[in-house]
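Basis for what follows: all heavy atoms, side chains included, without hydrogens, waters or symmetry-related copies. In listed order, ligands and their atoms are each counted from 1.
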Amino acid sequence: MSANITAKALNIPSFIVMDVLERARALEKEGKDIIHLEVGEPDFNTPSCIIQAGCRALREGRTHYTHSQGLLELREAVCGDYRERYGVSFDPDQVIVTSGTSPALLMLFAAMLDKDDEIIMTNPYYPCYANMVKFLGGVPRLVPVTPDENFHLTPEKIKPFLSRKTKAILVNSPANPTGMCMDPSVMKEIAEIGVPVISDEIYHGIRYEGNDHTFLEFAPDAFVVNGFSKRYAMTGWRLGYLVAPRKWIRPLQKMQQNFFISAADFVQWAGVTALREARPDVERMVETYRERRDYLFTALKNLGFDIYAPPQGAFYFFADCRKFSEDAYAFAFDVLEHALVGITPGIDFGPMGEGYVRFSYANSLENIKEAMARIRRYLTT
Ligand code: PMP
């Protein structure tokens with residue numbers, strides 16, 4: 001007898017952005033020159049001090065399993081980074097190093113959710129949040145946030161969604177796909193609701209106005225997930241971590257042992273160098289993103305996209321395209337076919353994304369300018 005594929009495996013949604021990317025790759029195979037503004041990964045190479053540290057670690061034989069929680073040196077560097085940047089302290093024993101932020105999120109959700117338990121999150125949201133929660137039998141409770149309020153999440157908006165089944169409030173600041181950043185006063189109020197908070201801080205460090213704040217400043221018992229993919233341009237290295245209250249660590253560590261054993265040894269050593277030495281590289285990358293953001297803000301408005309305010313962090317614009325089409329999904333694929341520019345349909349990020357498209361400015365200013373020229377031609381012919 002052959003095994004059946006479960007409904008949850010069959011039905012887990014694809015990442016629409018990957019569908020755009022795959023179509024773009026097919027067009028490239030036909031010889032078309034595509035400008036990619038769909039993908040959410042830094043266009044920069046990983047800073048050279050990190051690459052050198054990774055190579056050195058390989059040469060030194062750092063090719064083994066590590067402690068399932070991760071190298072103590074890396075966990076200490078994570079504690080040092082949070083102490084220095086935000087003035088919060090936690091113990092290296094409260095950190096579990098993972099192969100990216102994604103496994104950290106999956107393990108946390110799995111540790112928290114029984115069937116029908118709920119996680120509160122914004123709508124629009126990073127797609128994997130809802131997909132993972134549903135896969136695990138949980139329910140994403142979606143709190144609409146709107147552009148006229150800069151996509152801000154507030155305690156007033158959250159409260160009607162609280163129920164006996166609420167297990168956590170998930171926040172992401174700077175946010176994908178909107179670039180929204182939370183004010184510290186609002187973070188404090190959300191912490192005071194008294195429901196556990198999961199704070200995805202993966203875009204920390206990519207900030208144009210104001211300063212990042214960790215939720216640990218306001219709720220020492222918050223769960224934090226973070227990673228090296230965005231800040232250090234290390235998407236392909238697969239390195240992240242979670243910080244959790246002590247009583248959660250042993251169960252999470254056992255999940256890590258069973259599911260993943262440990263994150264890669266030499267990659268963790270590269271992570272130590274990233275945290276200790278790569279700050280000047282990060283600052284350079286952020287200045288470059290800022291230049292692109294400023295250009296795109298004007299360019300997109302001039303083209304007729306509705307944008308209320310420039311994003312304060314991350315590297316995305318979430319732009320209202322209803323002036324051009326009621327169907328943003330069809331619009332994004334049409335722009336790809338005819339303007340040869342990849343953009344992501346907003347519906348990838350939940351029902352509130354209908355009528356929107358996401359532009360990523362993790363691409364060179366030169367390419368972004370060319371992309372805008374192409375979209376202008378497409379819209380005017
Ligand atoms: N959270 C958010 C908000 C993201 O945008 C991403 C990547 N696109 C991730 C988590 C996962 O990142 P990684 O697994 O590469 O650390």
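Of the protein's non-hydrogen atoms, S102 OG, 3.4 Å is the one closest to atom 11 (C) of ligand 1. For atom 8 (N) of ligand 1, the closest non-hydrogen atom of the protein is K230 NZ, 2.8 Å.
Ring-plane geometry between F266 and W237 is classed as tilted, the angle between the planes lying from 30 to 60 degrees on a 0 to 90 degree scale. Between Y361 and Y208, the ring planes are tilted. Angles from 30° to 60° get that label.
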Distance-only donor-acceptor pairs under 3.5 Å for side chains of residues 274-285, two or more places apart:
unit_1, atom_1, unit_2, atom_2, d
R279, NH2, E84, OE2, 3.4
D281, OD1, R284, NH2, 2.8

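No option in D114, D117, D116 other than D117 meets the salt bridge (Lys or Arg N to Asp or Glu O under 4.0 Å) test with K167.
Inclusion of Y203 in the set of residues having an N or O under 3.5 Å from an N or O of ligand 1 is warranted.
Around atom 12 (O) of ligand 1, the closest heavy atom drawn from D200, T98, V39, I202 belongs to I202. With atom 4 (C) of ligand 1 as the reference point, the heavy atom nearest to it among Y126, F228, Y129 is part of Y126. Considering only non-hydrogen atoms, atom 15 (O) of ligand 1 lies nearest to S229 out of A104, G240, S229.
When heavy-atom distances to ligand 1 are checked against a 4.0 Å cut-off, N176 comes that close only through its side chain, counted from C-beta outward. Contacts between N172 and ligand 1 below 4.0 angstrom, taking non-hydrogen atoms only, involve the side chain exclusively.
Residues Y125 and N172 have side chains that never bring a donor and an acceptor to within less than 3.5 angstrom of each other.
Separation of the Y126 and Y203 ring centroids does not fall under the 6.0 Å cut-off. A distance of 6.0 Å or more separates the ring centres of F317 and F305.
Within the listing of ligand 1, atoms 13 (P), 14 (O), 15 (O) sit less than 4.0 angstrom from a heavy atom of R238.
Contact between E41 and ligand 1 is absent, with no heavy atom of the residue lying under 4.0 Å from the ligand.
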